[in-house]
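The structure displayed is predicted, hence computed values, not measured ones. The residues of the chain are indexed from 1 along the displayed sequence. These numbers come from the heavy atoms of this one structure, side chains and all, not from hydrogens, waters or symmetry mates.
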Amino acid sequence: MHRRFMMEALAQARLALAAGEVPVGAVVVLDGEIIGRGHNFRETANDPTAHAEMLAIREAARHLGSWRLTNADLYVTLEPCPMCAGAIVNARLRRLVFGAYDPKAGAVISLMNLVQDKRLNHTVEILDGICQKECASLLQEFFQRLR
């Protein structure tokens, strides 16, 4: 099940890659159905908040007509940054599933664990390293092209 939804997130990441964006993709899943999709759109939109997670969360909230995504899970190809980790907590997502680790900006495991900080009003279950090789290789391919 987790692999299936991560493959959907990877499809979103490939859309970002095709648009010249950093290839990160995300999907929000509720009761086995994708209710939100997103891929990085920062460069295209000139919007620093247009990360894959933020766009998928926004679409899911619109779909439900509520900002509370309490029983939903977020699948994302890269460990979320602090901004996205904060949005994950604020959206009350149940679970975060991610693929590749981000040693420079990851706010779930690599630099800190914002989504499970007991001082906050909500904590999120974490499943990490799902389809890690596929997620990491897409990012490596993108950054090798830049050099």
Side-chain angles (χ1 to χ4, degrees), residues 2 4-30 33-117 120-132 134-147:
H2 297 304
R4 178 178 136 221
F5 291 122
M6 189 58 77
M7 288 295 125
E8 293 289 337
L10 274 162
Q12 289 293 309
R14 287 185 189 94
L15 292 174
L17 181 65
E21 298 276 352
V22 176
V24 178
V27 295
V28 177
V29 177
L30 179 65
E33 176 190 348
I34 295 175
I35 61 168
R37 297 175 191 271
H39 58 78
N40 272 4
F41 203 63
R42 237 173 22 163
E43 300 297 329
T44 304
N46 290 313
D47 180 352
T49 69
H51 288 202
E53 302 95 319
M54 301 293 283
L55 299 176
I57 289 168
R58 286 178 192 151
E59 186 174 293
R62 278 193 301 272
H63 176 84
L64 293 179
S66 174
W67 61 268
R68 289 179 182 89
L69 305 178
T70 309
N71 294 311
D73 301 333
L74 175 68
Y75 289 78
V76 61
T77 58
L78 181 65
E79 178 182 2
C81 72
M83 174 183 68
C84 294
I88 290 164
V89 170
N90 284 317
R92 310 294 196 273
L93 283 156
R94 175 180 63 179
R95 180 183 300 132
L96 166 65
V97 182
F98 74 87
Y101 298 89
D102 187 348
K104 293 183 180 179
V108 178
I109 290 177
S110 296
L111 298 179
M112 64 190 81
N113 184 347
L114 192 61
V115 301
Q116 291 183 330
D117 190 319
L120 299 176
N121 62 344
H122 178 74
T123 59
V124 179
E125 180 186 337
I126 301 167
L127 290 173
D128 58 310
I130 305 298
C131 302
Q132 180 182 358
E134 295 98 321
C135 295
S137 68
L138 197 59
L139 287 158
Q140 289 165 350
E141 175 187 332
F142 173 79
F143 287 110
Q144 283 173 351
R145 284 186 197 172
L146 288 180
R147 294 182 191 131

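With values rounded to the nearest 0.5 angstrom, Leu69 atom CG is found 11.5 Å from Arg94 atom CZ. Atom CG of Leu93 and atom CD1 of Ile57 lie 5.5 Å apart (nearest 0.5 Å). Rounding to the nearest 0.5 Å places CE of Met54 at 5.0 Å from CZ of Arg58. Here CG of Leu10 is found 11.0 Å from CG of Leu17. Values are rounded to the nearest 0.5 Å. With rounding to the nearest 0.5 angstrom, the SG atom of Cys131 is 10.5 Å from the NE2 atom of His2. In this structure, the separation between CG on Asp128 and CG on Leu96 is 9.0 Å, given to the nearest 0.5 Å.
Val24 has its side chain out of reach of His51: every pair of non-hydrogen atoms, C-beta onward, lies at least 4.5 Å apart. At least one side-chain heavy atom of Arg92 sits under 4.5 Å from a side-chain heavy atom of Asn121. Using a 4.5 Å heavy-atom cutoff, the side chains of Glu59 and Ile35 are not in contact. Arg14 places a side-chain heavy atom less than 4.5 Å from the side chain of Leu138. A 4.5 Å side-chain heavy-atom check between Gln132 and Tyr101 finds at least one atom pair inside the cut-off. Between Phe5 and Val97 there is no side-chain heavy-atom pair separated by less than 4.5 Å. Ile130 is not listed as a side-chain neighbour of Tyr75, based on a closest heavy-atom distance of 4.5 Å or more.
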**Message:** If you apply the rule side chain to side chain contact (heavy atoms under 4.5 Å, CB included), what do you find for Leu30 with Leu64, and how did you get there?
**Reply:** CA-CA 10 Å; Leu30 179 65; Leu64 293 179; 3.8 Å; yes

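The heavy-atom pair separating Ala105 from Leu111 by the smallest distance is CA-CD1, 3.6 Å. Closest approach of Asn40 and Ala16 over heavy atoms only: O-CB, 3.9 Å. Between Asp47 and Arg42, the shortest heavy-atom distance links the atoms O-CG, 3.0 Å. Closest approach of Ala72 to Val28, counting heavy atoms only: CB-CG1, 3.8 Å. Gly38 approaches Ala56 most closely through the heavy-atom pair N-CB, 3.8 Å. Taking both residues in full, the closest heavy atoms of Ala50 and Leu55 are given as O-CD1, 4.1 Å, listed atom of the first, atom of the second, then distance.
The closest donor-acceptor contact from the side chain of Glu79 to the backbone of Ser110 lies under 3.5 Å. With hydrogens and angles ignored, the 3.5 Å screen pairs no side-chain donor or acceptor of Thr77 with any backbone N or O of Cys135. Looking only at distances, no side-chain donor or acceptor of Glu53 sits under 3.5 Å from a matching main-chain atom of Ala85.
Using a cut-off of 4.0 Å between Lys/Arg side-chain N and Asp/Glu carboxylate O, Glu8 and Arg4 are scored as not salt-bridged.
Results of the side chain to side chain contact (heavy atoms under 4.5 Å, CB included) test with Val124 over Asp73, Leu114, Asn113, Ile88 single out Ile88 as the only residue that passes.
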